[in-house]
Structure formats: structure tokens, C-alpha cells
K.L.:
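Structure below; questions to follow.
Counting starts at 1 for both ligands and their atoms, following the listed order. From a predicted model like this one, the values you see are computed outputs, not experimental measurements.
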Amino acid sequence: MTSKTEDGANRRRRLLVTGLPTDAVVERASAEFDVQFWREADPIGDRLLDVASGFEAVLIMPDDKLNAERIGRLPASVEVLGTHSVGYDHIDLDAATARRLPVFNTPDVLTDAVADLALFLVLAAARGTTSAEAALRRGEWGRWAPTLFLGRSLSGLRLGIFGMGRIGQAIALRAAAFGLRLHYHNRTRLAEDKERGAQFHESLESLLSTSDVFCICAPSTPQLRGSIDSQRLALLPRGAIVVNVARGDLVDEAALFAAVQEGCLGAIGTDVYRGEPNIDARWLKLSNATLLPHIGSATHEVRTAMGMLALDGIHSHFSGAPAANLLNPQAYAATHRSWD
Ligand code: DGY
């Protein structure tokens with residue numbers, strides 16, 4: 001990935017990566033770009049505004065917040081952005097488009113891994129495996145008893161999928177094998193072949209009142225943030241299970257804790273939190289919750305595929321073949337020109 005310098009020599013494009021990807025991604029980035037990696041333990045934050053000076057491309061991590069203010073203050077050299085995530089709620093896309101900054105994300109390659117983890121959380125929450133394992137580890141595994149470590153059978157329960165995008169559909173596919181009865185709510189109804197046999201609910205409220213297991217897979221958009229609040233949680237059948245593999249800010253966590261305390265919710269399985277990694281201490285007190293540290297896409301294969309896809313996008317900006325993982329085509333059209 002080169003450009004011409006003023007004296008006609010070839011110069012490699014400069015890429016700043018604000019974290020350390022897998023070895024294969026590091027190797028490719030180093031081969032194709034003049035690359036620098038941010039290796040500090042903390043996110044780069046405002047230091048990006050200085051450090052990125054002279055770099056044409058920046059590949060950020062999902063915990064790097066690029067709000068409108070930061071985007072407005074990015075060095076003029078930065079002409080393309082990638083994010084090592086499918087979610088882009090940490091980027092003000094409108095501001096990026098206004099700044100004519102194409103942004104590439106990493107869709108599809110993590111769908112199966114996140115759906116696998118969602119089913120893991122459904123199973124763990126339904127069967128209470130986290131508290132059962134904790135008892136075992138404490139040496140409290142006593143005599144076999146018919147009532148020891150009881151959970152719920154999944155077969156026949158109604159699974160409500162909130163957000164039937166790629167991940168929601170992959171969850172439906174897996175959940176059918178466990179005998180769950182499928183329901184979903186989405187902004188728009190899907191074509192029948194994508195519904196995977198799930199019943200569409202026009203409203204979120206209708207889905208909630210039909211969900212023994214409620215699985216959140218919707219994107220964190222301004223419209224949906226905080227949408228799982230106390231009024232909506234109250235619609236769930238008593239003892240329902242809530243699973244979240246999307247974003248913590250979709251849920252009013254205080255309302256969730258209250259619903260658990262009042263016995264309205266049976267169990268929770270979550271991979272995401274508000275303010276992660278500094279999560280609300282009340283999470284840790286919930287004995288009927290399985291808590292994971294945002295590992296939905298965390299397999300060797302998937303993290304490498306994500307890094308490669310982000311690099312493909314950045315590459316496409318410079319090579320003139322727009323990649324499909326471009327989030328804001330208007331920015332691309334405004335900036336695109338042929339290189340080399
Ligand atoms: C994603 O890719 O959006 C995952 O949730 C990681 O943040």
C-alpha cells in the first residue's frame with residue numbers, strides 16, 4: 001500500500017492501530033503499511049489527536065470513543081478509519097461523514113461466534129451453572145438430592161429475540177435445535193426465509209410479554225438506548241430469563257437489578273454492560289447471573305478475521321475498490337480518488 005512522495009519515490013501508507021490485534025493481523029498490517037501500534041493498557045483517548053498526526057489511516061478498537069468533537073479535531077492527515085468491531089456506537093458516524101471520513105467495520109465474520117455465546121448464556125442462565133459451579137468450587141457439593149441445583153428446561157420455552165439481524169437469525173437457528181419456540185421483534189419484518197420460523201411481533205412490548213427467555217441482539221442506536229426499562233421489564237413473564245449479547249446501554253441496569261431483587265426475573269446471562277469494563281458493583285452480587293467480559297467475538301479465528309476485514313476496508317479506500325464493509329458510502333464518494 002504505497003503512495004508517491006513529492007520526489008516520485010514510493011512511500012508506504014501510514015496506519016495507526018490503537019490496540020494490538022492477533023499475530024496474523026499484525027503481520028499483514030506490518031507488511032502492507034508503515035504501521036504503528038498503540039500498546040498502552042489504557043485506551044488512547046484524546047492522545048489520538050496528537051498521535052495520529054501524519055497517519056493516513058487509523059484502526060480503532062471498540063473502546064476508543066470517537067465522538068463528534070474528537071472527529072472534528074482529528075489531524076488533517078487522517079483520511080480513513082477502521083474499527084475492530086461490527087458495532088459502531090462508539091463512533092459518531094454523522095460527524096465522520098461530515099468530515100468526509102470513510103469508516104469500515106467488521107460484519108459477518110463474528111456472527112456465529114456471538115450466536116454461540118448467546119446460546120451458552122441462555123443455557124447457563126436457565127440451568128444456573130454459574131452458581132452450581134461456584135458451590136462445587138467452594139467444596140459445597142453435598143449428597144445427590146432431587147432438588148439440588150435445579151434449573152429450567154429449555155424445550156418448549158418461548159425465546160424472544162430483540163433485533164433479528166445477522167446475529168439474531170443465527171441465534172434463532174441454534175435455538176430451534178434446543179426446542180425453544182421462536183419469536184422476534186425487529187424494526188421491519190424479515191422475509192420468510194430469514195425468519196427461521198420465528199413469529200414476528202410488531203411491538204417490543206408484545207415480544208416482551210411473550211418471552212420466557214428474552215435475548216437482546218439489537219444495535220445500540222440513540223433510539224434504542226435505555227429501551228429495556230422498568231416498564232418494559234415488567235411485561236416479561238414472572239421468572240423470565242434475560243440475555244444480552246448486544247450492548248449494555250440498551251438496558252436500564254438499575255431497573256434490571258430491581259427486577260431481579262423483586263423476584264420478577266429468574267436469571268440473567270450477559271456479555272455486555274454499561275460503562276464496561278468498570279461495571280456496576282451490583283452485578284457481582286447477583287447469584288443468578290452469568291457474567292462474561294464481552295467475549296462474544298473472542299475466538300482466535302474470529303478476531304483474526306475481524307482484523308483482516310478492517311484492513312481490507314482500509315486497503316480498499318486506497319486502492320479504489322470500495323469494500324462492502326463501508327459504513328458511510330457518502331463519505332467514500334466524497335473523498336474517493338484513484339491512487340498509484
Ligand atoms: C463488536 O464487534 O461490536 C463486538 O461487540 C466487540 O465490541
K.L.:
What residues, two or more places apart in sequence or in another chain, satisfy ring pair (Phe, Tyr, Trp, His ring centres under 6.0 Å) together with His183?
P.N.:
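In terms of ring pair (Phe, Tyr, Trp, His ring centres under 6.0 Å), with neighbours along the sequence ignored, His183 is linked to His201.
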K.L.:
Would you call Asp92 and Arg99 a salt bridge, using N to O less than 4.0 angstrom?
P.N.:
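Looking at Arg99 together with Asp92, the answer is no, because their closest N to O distance does not fall below 4.0 Å.
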K.L.:
So which protein residues pack against ligand 1 under 4.0 Å, heavy atoms counted?
P.N.:
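Pro62, Ser85, Val86, Gly87, Leu110, Arg247, His294, Met306.
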K.L.:
Ion pair present between Arg189 and Glu195, side-chain N to carboxylate O less than 4.0 angstrom?
P.N.:
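Salt bridge between Arg189 and Glu195, a charged N being under 4.0 Å from a carboxylate O: yes.
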K.L.:
Could you tell me whether Asp280 and Arg274 have a side-chain N and a carboxylate O separated by less than 4.0 Å?
P.N.:
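Judged by the 4.0 Å cut-off on N to carboxylate O distance, Asp280 and Arg274 do not form a salt bridge.
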K.L.:
Who are the salt bridge (charged side-chain N to carboxylate O under 4.0 Å, His left out) partners of Arg152, not counting sequence neighbours?
P.N.:
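With neighbours one apart ignored, the set is empty.
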K.L.:
Give me each pair satisfying salt bridge (charged side-chain N to carboxylate O under 4.0 Å, His left out) with a member in residues 233-247, each pair once, sequence neighbours excluded.
P.N.:
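The answer is Asp89-Arg247.
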